Amino acid sequence: MNLLDIGEILDRKDRFVERKHSVLKCNECKATYTRDFKVGDYTFKKLTDEECNECKKSKWLTIEEIYSEWKDPKKKK
Ligand SMILES: [Zn+2]
């Protein structure tokens, strides 16, 4: 992302919607993947009640990172 992009985001911020994501890491197969942020998520939290998306057997996921992005609700992908 360059400076021009950031300027554009700030200009249009009022019509953008914040989408939060959590990056999970599986301690079994070492896979990392992103899913939608859930209430209560925080970095380095251990998720013992969720299955790994990749190997489906581990219930020992850790939140590596939480990030948000701004989506334009009028723009369709
Ligand atoms: Zn796994």
Side-chain angles (χ1 to χ4, degrees):
M1 184 178 279
N2 60 40
L3 281 172
L4 198 85
D5 292 332
I6 293 165
E8 277 203 349
I9 287 168
L10 291 177
D11 283 348
R12 298 179 192 167
K13 202 172 177 181
D14 17 325
R15 70 180 177 92
F16 274 69
V17 170
E18 188 182 20
R19 286 284 309 274
K20 279 181 134 181
H21 303 278
S22 303
V23 180
L24 308 186
K25 185 179 183 185
C26 174
N27 291 283
E28 181 77 37
C29 66
K30 307 294 177 197
T32 55
Y33 60 93
T34 305
R35 66 138 167 75
D36 286 345
F37 175 85
K38 285 184 187 172
V39 178
D41 281 1
Y42 57 87
T43 315
F44 305 127
K45 183 186 183 184
K46 287 184 170 69
L47 300 169
T48 49
D49 56 346
E50 279 185 52
E51 267 182 11
C52 171
N53 248 10
E54 300 296 323
C55 65
K56 308 282 184 197
K57 57 180 179 182
S58 174
K59 292 202 174 181
W60 200 247
L61 298 159
T62 313
I63 297 177
E64 285 254 298
E65 193 188 341
I66 291 168
Y67 69 93
S68 54
E69 59 177 352
W70 294 91
K71 292 244 175 177
D72 186 346
K74 287 176 187 166
K75 202 188 270 180
K76 282 177 183 166
K77 259 187 181 176

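Remember, it's a predicted structure, so these values are computed and weren't measured experimentally. Heads up: numbering here begins at 1 and tracks the sequence.
The shortest heavy-atom contact between T32 and K25 is CG2-CG, 3.6 Å. Shown here for P73 and V17, the closest heavy-atom pair between the two residues is CG-CG2, 3.7 Å.
With sequence neighbours left out, Y67 forms a ring pair (Phe, Tyr, Trp, His ring centres under 6.0 Å) with H21. Checked against side chain to side chain donor-acceptor pair (under 3.5 Å), R19 has the following partners two or more places apart in sequence or in another chain: D36. Residues that satisfy the salt bridge (Lys or Arg N to Asp or Glu O under 4.0 Å) test with E69, not counting sequence neighbours, are K71.
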Under 3.5 Å, side-chain donor or acceptor atoms of residues 38-49 against the rest of the protein: list the pairs with distances, not counting sequence neighbours.
{"residue": "D41", "atom": "OD2", "partner": "S22", "partner atom": "OG", "Å": "2.8"}
{"residue": "D41", "atom": "OD2", "partner": "R35", "partner atom": "NH1", "Å": "2.9"}
{"residue": "D41", "atom": "OD2", "partner": "R35", "partner atom": "NH2", "Å": "3.4"}
{"residue": "D41", "atom": "OD2", "partner": "K38", "partner atom": "N", "Å": "3.1"}
{"residue": "K45", "atom": "NZ", "partner": "G40", "partner atom": "O", "Å": "3.1"}

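In this structure, the separation between CG on L24 and CD1 on I66 is 9.0 Å, given to the nearest 0.5 Å. Rounding to the nearest 0.5 Å places NZ of K56 at 11.0 Å from SG of C26.
Judged by distance alone, with hydrogens and angles left aside, the side-chain atoms of Y33 form a donor-acceptor pair with the main-chain N or O of N53 at under 3.5 Å.
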